[in-house]
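Bear in mind the structure is a predicted one, so any value in this text is a computation, not a measurement.
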Amino acid sequence: MQMSAPVLAAYSYCEAVTGQQARNFAYGIRLLPTDKRNAMSALYAFSRRVDDIGDGMLAADVKQARLEETRALLDRVRADAVDDDDTDPVAVALSDSARRFPLPLEGLDELIDGVLMDVRGETYETWDDLKVYCRCVAGAIGRLSLGVFGIQTGARSTERAAEYADTLGLALQLTNILRDVREDAANGRTYLPADDLAKFGCSAGFHDATPPDGSDFTGLVHYEVRRARALFAEGYRLLPLLDRRSGACVAAMAGIYRRLLDRIERDPLAVLRGRVSLPGREKAYVAVRGLSGLDARTISRNQTWRRV
């Protein structure tokens with residue numbers, strides 16, 4: 001299917017947004033063929049718009065109105081009612097992607113629902129409560145991405161692919177929550193479950209570079225790291241179901257976050273001092289490892305041994 005000049009321009013805009021706003025994500029999708037990279041950029045650009053509304057300085061009622069306007073735009077995309085020469089490049093690119101790939105666009109409705117939770121200032125008593133939020137803002141993106149990647153011919157356990165994609169999204173989101181715990185606190189947001197905070201004496205929150213007096217902040221971080229690792233282990237079972245380049249993309253993005261998790265585990269207080277990140281050379285190593293298929297082969301062997 002050939003692209004018109006306006007559609008090409010729309011994808012270029014989305015790719016620029018992705019490169020500027022999401023370096024880890026952009027690093028991973030470089031490994032995809034052009035059509036899939038375009039679609040992933042369109043998904044990111046739409047998601048970024050939703051997130052920016054939620055994170056902006058507007059009043060809560062204005063944010064809610066803007067989010068519902070964005071949902072109305074999504075309805076136009078769903079109805080295939082966006083022309084190539086529409087003035088909104090994100091809508092043009094997303095509409096073209098939806099024609100080319102079986103995208104479960106209801107996942108973007110879930111993303112809007114999750115950001116509305118942020119706008120309402122919701123907090124989470126238990127991990128089960130937080131999972132609902134994580135599935136909206138990250139699990140849904142995993143399922144949308146699977147619509148772009150597709151399933152490799154002859155792969156086993158394909159009926160669980162969407163579940164694995166969803167779980168991998170939860171792993172990435174929990175890692176984000178740990179990394180951004182102080183930044184979120186400064187913005188008046190608490191994502192970690194209240195019962196976990198209470199268990200480790202951290203209910204007072206995280207407002208400076210030192211944990212609350214008398215708390216076991218290290219214990220809290222290690223507890224959440226173990227939870228994230230279990231999610232990664234389950235979500236990584238998606239890799240053998242994907243073609244080589246799609247698997248490399250997922251392995252690169254997830255691998256970057258797993259290494260972030262390693263750094264956080266080694267030095268839990270680092271998340272209170274500033275944002276933990278990986279240097280470019282380490283990201284490049286993760287990308288090469290993903291492209292080699294090493295992670296996918298390891299997981300496939302482990303699954304074979306479990307069946308024996």
Any side-chain donor near an acceptor of the partner, [X] and [Y], under 3.5 Å:
X: Tyr133; Y: Asp118; result: yes
X: Asp84; Y: Ser4; result: yes
X: Ser97; Y: Tyr11; result: yes
X: Lys131; Y: Tyr124; result: no
X: Asn38; Y: Ser41; result: no

Check against salt bridge (Lys or Arg N to Asp or Glu O under 4.0 Å), Lys199 and Asp216: CA-CA 9 Å; Lys199 184 186 304 182; Asp216 180 12; over 6 Å; no
Interatomic spacing from CG in Leu172 to CD1 in Ile177 - rounded to 0.5 Å: 11.0 Å
Separation between CZ of Arg182 and CG of Asn187, rounded to the nearest 0.5 Å: 12.0 Å
Closest contact, heavy atoms only, [X] versus [Y]:
X: Phe149; Y: Lys36; answer: O-NZ, 2.9 Å
X: Gly205; Y: Pro212; answer: O-CG, 3.2 Å
X: Phe217; Y: Pro268; answer: CE2-O, 3.4 Å
X: Leu272; Y: Thr210; answer: CD1-C, 3.9 Å
X: Ala161; Y: Leu238; answer: O-CD1, 3.7 Å
X: Leu74; Y: Leu105; answer: CD2-O, 3.9 Å

How about [X] and [Y]: do any of their side-chain heavy atoms sit closer than 4.5 Å?
X: Asp35; Y: Phe101; answer: yes
X: Asp88; Y: Arg49; answer: yes
X: Leu261; Y: Phe232; answer: yes
X: Val17; Y: Val90; answer: no
X: Glu110; Y: Arg143; answer: yes

Check whether [X] reaches the backbone of [Y] with its side chain - one donor and one acceptor, N or O, closer than 3.5 Å.
X: Ser246; Y: Leu242; value: no
X: His222; Y: Glu265; value: yes
X: Asp83; Y: Asp86; value: no

Pairing of Asp180 and Arg189 as salt bridge, 4.0 angstrom limit: no
Salt-bridge contact Lys63-Asp55 (side-chain N to carboxylate O under 4.0 Å): no
In one Ile/Leu/Val/Met/Phe/Trp/Tyr side-chain cluster, 4.5 Å: Leu269, Leu197: yes
Tyr236 six-ring centre to Arg258 NZ/CZ under 6.0 Å and within 45° of normal: yes
Over 12 foreign heavy atoms within 6.0 Å of CZ, Arg66: no
